[in-house]
Structure formats: structure tokens, C-alpha cells
Amino acid sequence: MEIDVGLERIQALGRQDFWLAVLVTQRRSGEPAASVVNAGVLDHPLTGEPVVAFVARGGTAKLANLRRNPQATLVFRAGWDWTGVTGPVELAGPDDELPGLDAEALRLVLRDIYHAAGGEHPDLDEYDRAMVEDRRTAVFIRPERFTSNPAGADHEEGE
């Protein structure tokens, strides 16, 4: 699946299920670790390339896993339709400096990711304070590979 088609499919599925996706990272032991995140598609703040991104609270296992092995998969689904995107990860946050992205740019990109993942907040200043307090980190996945169920592969329940 080409990148544009894959990203369009992610956006279509994301809109249908609150932008929820299953994140798969790798534990120190090599075993997969999974969690659910809100994620969306946006342009990378430095390169302008389309990425899939989410915001992670500081001090979490997912961030430790991504620092150790900066590769991840996100799976978006709605009903029986699903698409997975896999690629290398870049982190930008108070504990993960991304050269070229200062504190003000990080504040704005955290908002951009929140909006790309369907978020709406009545008080963005409050949102910004919570992001700083929680040591939130922007996680950017550069799409390299997409996987999906084939078109027309409707699920039928067995009897």
C-alpha cells in the first residue's frame, strides 16, 4: 500500500473510532508491548513530511521502549476494517530533545497532535500546563510499511 493511500485509510478509520489506535513497541526482553493511544496524521514540524503521531505521558513504559528501540506499529480499526502502520520513531519532549524544536514549537506541536487525533479542549492554556506537568512527549512515526485486511474481506461469524 502506498503512503498516501495508507494515510488516507488511517484518517478514515480514525474518524470512525475516536482516533484510537493500538501501539505496539518492544520490551527490553524483546517481547511486544501494546497500549491504546489517540493518534492522528499531520506534517512533521521540521521536515514537513506526513507522519502519524501521538502524545505520551512522561515516565511511561512505552517511552522507555521507544527510547531503547525507536520503531513502532500503530493499528487503527473500525469494525473489522483495520490498517497498521510501521516505521521509525522520533521523540520530542522535555526528556527527549529534538534538535530544531524549541519549547514554544513543542507546545504548539503537542496541540497540533491533539487536534489531529480528534481532540478539542475548551481551555488550551490549561491543556498546555497539563502537558508540561505530565512531561508529555510528541511521538512521530515515519510510515514505512502499511498492513491491512484485503478489500472485501468481510468477517462472518461462525455458527
Side-chain angles (χ1 to χ4, degrees), residues 1-15 17-28 30 32-77 83-148:
M1 180 181 304
E2 70 178 63
I3 288 180
D4 290 341
V5 172
L7 294 174
E8 287 172 14
R9 188 160 160 86
I10 284 172
Q11 289 178 309
L13 293 171
R15 278 192 282 283
D17 197 23
F18 306 100
W19 297 97
L20 294 173
V22 175
L23 170 69
V24 181
T25 61
Q26 191 175 47
R27 291 184 173 100
R28 185 181 307 273
S35 59
V36 176
V37 298
N38 288 100
V41 176
L42 70 156
D43 291 338
H44 190 286
L46 299 177
T47 68
E49 294 177 81
V51 293
V52 184
F54 64 93
V55 175
R57 189 171 33 86
T60 58
K62 66 178 71 82
L63 281 177
N65 292 344
L66 291 169
R67 287 178 187 124
R68 207 172 25 259
N69 181 3
Q71 181 84 10
T73 297
L74 279 173
V75 179
F76 292 80
R77 59 156 291 282
T83 295
V85 57
T86 300
V89 169
E90 274 186 298
L91 304 175
D95 302 316
D96 300 282
E97 181 183 342
L98 181 59
L101 199 69
D102 63 17
E104 176 62 8
L106 177 61
R107 181 183 73 81
L108 295 174
V109 82
L110 291 172
R111 285 183 179 189
D112 290 345
I113 294 168
Y114 180 67
H115 294 306
E120 294 181 23
H121 200 286
D123 184 346
L124 287 174
D125 291 333
E126 178 185 317
Y127 174 83
D128 294 341
R129 282 190 295 277
M131 295 299 100
V132 169
E133 189 175 297
D134 291 346
R135 302 191 69 73
R136 297 282 179 144
T137 295
V139 180
F140 305 104
I141 300 174
R142 185 169 40 87
E144 284 189 339
R145 188 176 71 246
F146 291 90
T147 53
S148 185

Considering non-hydrogen atoms only, spot the tightest contact between [X] and [Y] and give its length.
X    : Y    : value
R111 : D125 : NH2-OD1, 3.8 Å
N65  : A33  : ND2-CB, 3.7 Å
A39  : V52  : CB-CG1, 4.4 Å
G93  : L106 : CA-CD2, 3.7 Å
E120 : Y114 : O-OH, 3.1 Å
A138 : V109 : CB-CG1, 4.4 Å

With no hydrogens and no angle check, is any side-chain donor or acceptor of [X] less than 3.5 Å from a backbone partner on [Y]?
X    : Y    : value
D134 : R136 : no
Y127 : P122 : no
H115 : G119 : yes

pair [X]-[Y]: side-chain heavy atoms closer than 4.5 Å:
X    : Y    : answer
Q11  : W19  : yes
P32  : R27  : no
L23  : T73  : no
L20  : F76  : no
Q71  : V89  : no
L101 : P45  : yes
V55  : T137 : no
F140 : L98  : yes

I'd like to know if the side chain of Q26 pairs up with that of N69 as donor and acceptor (distance under 3.5 Å, no hydrogens or angles considered).
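Distance-only check passes for Q26 and N69.
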Once side chain to side chain contact (heavy atoms under 4.5 Å, CB included) is applied, do any residues pair with [X], and if so which ones, sequence neighbours excluded?
X    : result
E133 : none
D112 : L42
F146 : M1, I3, L7, I10, T83, V85, P143

Only pairs at least two apart or in different chains count here, so list each salt bridge (charged side-chain N to carboxylate O under 4.0 Å, His left out) that has a residue in residues 52-66.
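Sorted result for residues 52-66: empty, none.
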Not counting sequence neighbours, list each pair that qualifies as a salt bridge (charged side-chain N to carboxylate O under 4.0 Å, His left out) and has a residue in residues 83-105.
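Listed once each, the pairs are R67-D96, D95-R135, E104-R107.
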Chi angles and distances behind the side chain to side chain contact (heavy atoms under 4.5 Å, CB included) call for D43, V51:
CA-CA 6 Å; D43 291 338; V51 293; over 6 Å; no
Residues which pass salt bridge (Lys or Arg N to Asp or Glu O under 4.0 Å) with R28, listed by chain and number, not counting sequence neighbours
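Scan of R28 (salt bridge (Lys or Arg N to Asp or Glu O under 4.0 Å), adjacent residues dropped) gives none.
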Decide yes or no on side chain to side chain contact (heavy atoms under 4.5 Å, CB included) for L74 and V22, but give the supporting numbers first.
CA-CA 5 Å; L74 279 173; V22 175; over 6 Å; no
